[in-house]
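Side chains included, hydrogens not; waters and symmetry mates left out as well; all remaining heavy atoms used.
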Amino acid sequence: MINFEKFTLENGLTVIVHKDESTPIVAFNLLYDVGARDEDESQTGFAHLFEHLMFGGSVNIPNFDEPLQKVGGTNNAFTSNDITNYYITLPKENLETAFWLDSDRMLSLAFTNKSLEVQRSVVIEEFKQNYLNQPYGDVWLLLRPLAYKNHPYKWATIGKEVSHIENATMDDVKAFFHQHYTPNNAILTVAGDIETEEIKKLSEKWFKNIPSGKTFERSLHKEPQQTEERRLEVKRDVPANAIYKAYHMCSKTHIDYHTTDLLSDVLSLGKSSRLYTSLVKEQKLFSEINAFISGSHDEGLFTITGKLLDGVSFGIAEEAILQEIQLIKKEIIGEDELTKVKNKIESTAQFSETSVLNKAMNLSFAELLGDANDVNLEVSNYQRVNAKGINRIANKILNETNCSTLIYAKSK
């Protein structure tokens with residue numbers, strides 16, 4: 001059970017406080033409700049660019065990392081298609097440093113040509129190195145637009161193409177910042193050996209005077225139901241042939257989400273899972289195979305991916321995957337098999353609660369999706385899943401008319 005208190009400042013900043021006396025380290029997590037899905041299709045990659053720009057210094061603090069390092073703190077951030085998340089961990093006696101740093105860049109980020117050019121270069125290099133020049137790096141640049149035709153999930157967090165970042169102007173960047181990086185579009189969670197009154201005082205001191213922004217009205221193009229199989233085959237200089245099969249699934253807040261997640265675990269969680277046992281150990285068709293869900297806020301993807309052993313044809317490999325899918329659609333799985341994956345979920349959840357940073361993040365994520373207290377319901381939501389539910393979801397989503405298949409062939 002993660003206990004917490006919550007309050008909201010007049011400017012709309014939501015603040016969550018979790019007291020944990022077991023550690024002298026405090027986690028300071030600032031979540032912005034902005035991701036790649038909120039970008040214009042002709043200007044993608046901006047949310048990820050800002051992940052970098054926010055470390056480029058503010059008007060009053062030219063170097064974000066230096067004062068944090070002096071007080072024994074560390075920080076990082078990540079962007080997804082749905083959110084941008086910044087976090088700091090530091091000794092509790094130096095907690096005010098985190099409030100000072102993050103409030104200043106929210107209020108007065110330094111929009112200098114030098115910072116923009118430096119971070120633009122970093123992001124462009126990351127795009128080229130991780131997505132264009134790395135084996136299998138462009139998989140999601142190919143698979144997303146194959147699976148999504150309308151919804152902005154059709155581009156990756158890094159962006160659709162390098163030119164969008166290359167051509168970003170200072171006015172473009174400022175407009176994106178003032179639209180999204182405002183207190184009323186953020187959730188701050190502080191976790192550690194702290195008192196709520198102390199966090200209220202610090203929040204008021206450092207964030208109260210930051211003006212609210214205009215409320216962002218999210219209007220996304222809904223993805224129509226896929227009714228025909230989609231396929232794409234590419235050749236790349238990679239060490240092994242690979243196959244990716246992406247099926248549309250529900251959103252993270254849908255009642256079927258936990259059942260769908262457990263379906264992916266039954267198929268591929270661990271070396272005793274169905275896909276691994278049958279296709280890697282017994283039939284020796286794949287060197288590795290996985291099934292996983294995207295966990296997206298809107299309707300996401302249930303993906304099965306595997307790397308083929310040399311000499312195995314794509315036809316044989318894909319047919320073997322489809323046979324395993326037919327099995328799980330046809331039969332009701334045994335209680336032992338379901339209990340095994342539920343137990344792994346529960347142990348993972350318990351382990352994650354040993355970290356104040358994990359708890360701070362999870363509280364922020366849950367609050368954004370509706371209610372921070374949902375973190376305390378996650379395990380019970382998984383425990384309620386039954387074998388018939390697994391069968392129902394398998395039959396509902398694991399159909400080829402609902403699938404986008406990427407055949408990723410090695411060129412040599």
Side-chain angles (χ1 to χ4, degrees), residues 13 25-36 38-39 43-91 94-131 156-159 162 164-166 168-183 185-190 206-207 210 213 357 360-361 364:
L13 179 68
I25 297 298
V26 176
F28 178 102
N29 192 83
L30 190 59
L31 170 69
Y32 287 98
D33 184 12
V34 56
D38 298 310
E39 298 161 348
Q43 292 181 318
T44 63
F46 273 50
H48 176 252
L49 175 63
F50 262 100
E51 178 195 319
H52 291 265
L53 280 172
M54 291 284 266
F55 293 104
S58 57
V59 171
N60 302 305
I61 310 164
N63 187 322
F64 186 90
D65 290 333
E66 188 176 313
L68 195 58
Q69 290 167 353
K70 285 181 178 178
V71 297
T74 62
N75 72 93
N76 215 326
F78 59 86
T79 315
S80 75
N81 286 75
D82 297 308
I83 61 169
T84 306
N85 194 69
Y86 299 87
Y87 57 91
I88 294 171
T89 55
L90 72 176
N94 299 327
L95 175 57
E96 190 164 4
T97 300
F99 278 86
W100 168 58
L101 287 168
D102 251 313
S103 64
D104 200 66
R105 66 179 173 181
M106 182 189 284
L107 175 65
S108 50
L109 190 67
F111 290 105
T112 65
N113 287 321
K114 180 183 177 183
S115 175
L116 177 57
E117 291 313 312
V118 167
Q119 300 308 329
R120 188 203 310 270
S121 296
V122 170
V123 171
I124 290 171
E125 183 57 32
E126 182 182 342
F127 199 131
K128 292 177 178 176
Q129 184 173 329
N130 294 347
Y131 293 83
T157 307
I158 194 71
V162 174
H164 289 182
I165 298 302
E166 289 175 333
T169 67
M170 183 63 79
D171 286 344
D172 294 333
V173 167
K174 285 183 177 180
F176 194 81
F177 177 81
H178 292 304
Q179 176 68 75
H180 298 289
Y181 297 82
T182 57
N185 204 45
I187 298 167
L188 170 62
T189 302
V190 187
W206 292 105
F207 284 96
I210 302 176
L357 179 57
M361 285 185 184
S364 292

Practice prompt. Report the residues that fulfil side-chain hydrogen bond (donor to acceptor under 3.5 Å, both in side chains) with T157, sequence neighbours left out, ordered by chain and then residue number.
Written response: N81
Discussion item. Show, in sequence, the C-alpha distance, side-chain angles and deciding distance for T189 and L31, and conclude whether the side-chain contact (heavy atoms from CB on, under 4.5 Å) test is met.
Written reply: CA-CA 8 Å; T189 302; L31 170 69; over 6 Å; no
Worksheet, complete the sentence: Nearest heavy-atom approach of L188 to F99 is CD2-CE2, 3.8 Å
Worksheet item: Are Q43 and F176 close enough, and set up right, to give a side-chain contact (heavy atoms from CB on, under 4.5 Å), and what steps lead you there?
Response: CA-CA 10 Å; Q43 292 181 318; F176 194 81; over 6 Å; no
Worksheet item: Of the non-hydrogen atoms in L68 and T97, which two are nearest, and what is the gap between them?
Response: CD1-CG2, 4.4 Å
Worksheet item: For E51, what residues pass the side-chain contact (heavy atoms from CB on, under 4.5 Å) criterion, not counting sequence neighbours?
Response: H48, A77, T79, Y86
Worksheet item: Are F177 and F111 near enough that their ring centres are under 6.0 Å apart?
Response: yes
Worksheet item: D104: what forms a salt bridge (charged side-chain N to carboxylate O under 4.0 Å, His left out) with it, not counting sequence neighbours?
Response: none
Fill in: Distance in Å, L107 CG paired with W206 CH2, rounded so as to fall on 0.5 Å steps
11.0 Å
Item to complete: Quick one: which residue pairs count as a salt bridge (charged side-chain N to carboxylate O under 4.0 Å, His left out) with a foot in residues 78-88, not counting sequence neighbours?
Response: R37-D82
Worksheet item: Taking all non-hydrogen atoms of both residues, which atom of D102 and which atom of F64 are closest, and how far apart?
Response: N-CE1, 4.4 Å
Worksheet item: Which atom pair, heavy atoms only, marks the closest approach of S364 to I187?
Response: O-CD1, 3.8 Å
Worksheet item: Pairs in or reaching into residues 106-117: which pass side chain to side chain donor-acceptor pair (under 3.5 Å), with residues at least two apart or in two chains?
Response: E117-R120
Discussion item. Does either side chain, that of T169 or that of D172, offer a donor lying less than 3.5 Å from an acceptor on the other one?
Written reply: yes
Discussion item. Could you go through H164 and F127, starting from their C-alpha distance and side-chain angles, then the distance that decides it, and tell me whether this counts as side-chain contact (heavy atoms from CB on, under 4.5 Å)?
Written reply: CA-CA 11 Å; H164 289 182; F127 199 131; over 6 Å; no
Worksheet, complete the sentence: Rounded to the nearest 0.5 Å, the OG1 atom of T44 sits from the CD1 atom of I165 at a distance of 6.5 Å
Discussion item. Assess the residue pair Y87 and L357 against the criterion (side-chain contact (heavy atoms from CB on, under 4.5 Å)); give the C-alpha distance rounded to whole Å, side-chain angles, the decisive distance to 0.1 Å, and a yes or no.
Written reply: CA-CA 8 Å; Y87 57 91; L357 179 57; 3.6 Å; yes
Discussion item. To the closest 0.5 Å, what do you measure between OG (S121) and CD (E166)?
Written reply: 9.5 Å
Worksheet entry | Which residues share a salt bridge (charged side-chain N to carboxylate O under 4.0 Å, His left out) with E96, sequence neighbours left out | K205
Worksheet entry | For A168 against V173, the heavy-atom pair lying closest together | CB-CG2, 4.5 Å
Practice prompt. Any chance you could measure I158, atom CD1, to L49, atom CG, to the nearest 0.5 Å?
Written response: 9.5 Å
Practice prompt. Could you tell me whether the side chain of I61 reaches within less than 4.5 Å of the side chain of R105, counting heavy atoms only?
Written response: no
Discussion item. Looking at every non-hydrogen atom in both residues, tell me the closest pair between A47 and A36 and how far apart they are.
Written reply: CB-N, 4.0 Å
Worksheet entry | Side chain proximity check, M106 to L30, heavy atoms < 4.5 angstrom | yes
Discussion item. Tell me if a side-chain donor or acceptor on N185 pairs with a main-chain N or O of D33 at a distance below 3.5 Å.
Written reply: yes
Worksheet item: Side-chain contact, heavy-atom cut-off 4.5 Å: Y181 with M54?
Response: yes
Worksheet entry | Any donor-acceptor pair under 3.5 Å from E39 side chain to F46 backbone | yes
Discussion item. Nearest 0.5 Å, please: how far is CG in L90 from CZ in F28?
Written reply: 9.0 Å
Discussion item. Measuring only between side-chain heavy atoms, which start at C-beta, is S80 closer than 4.5 Å to I83?
Written reply: yes
Worksheet item: Got L109 and F50 here, is their nearest side-chain heavy-atom distance under 4.5 Å?
Response: yes
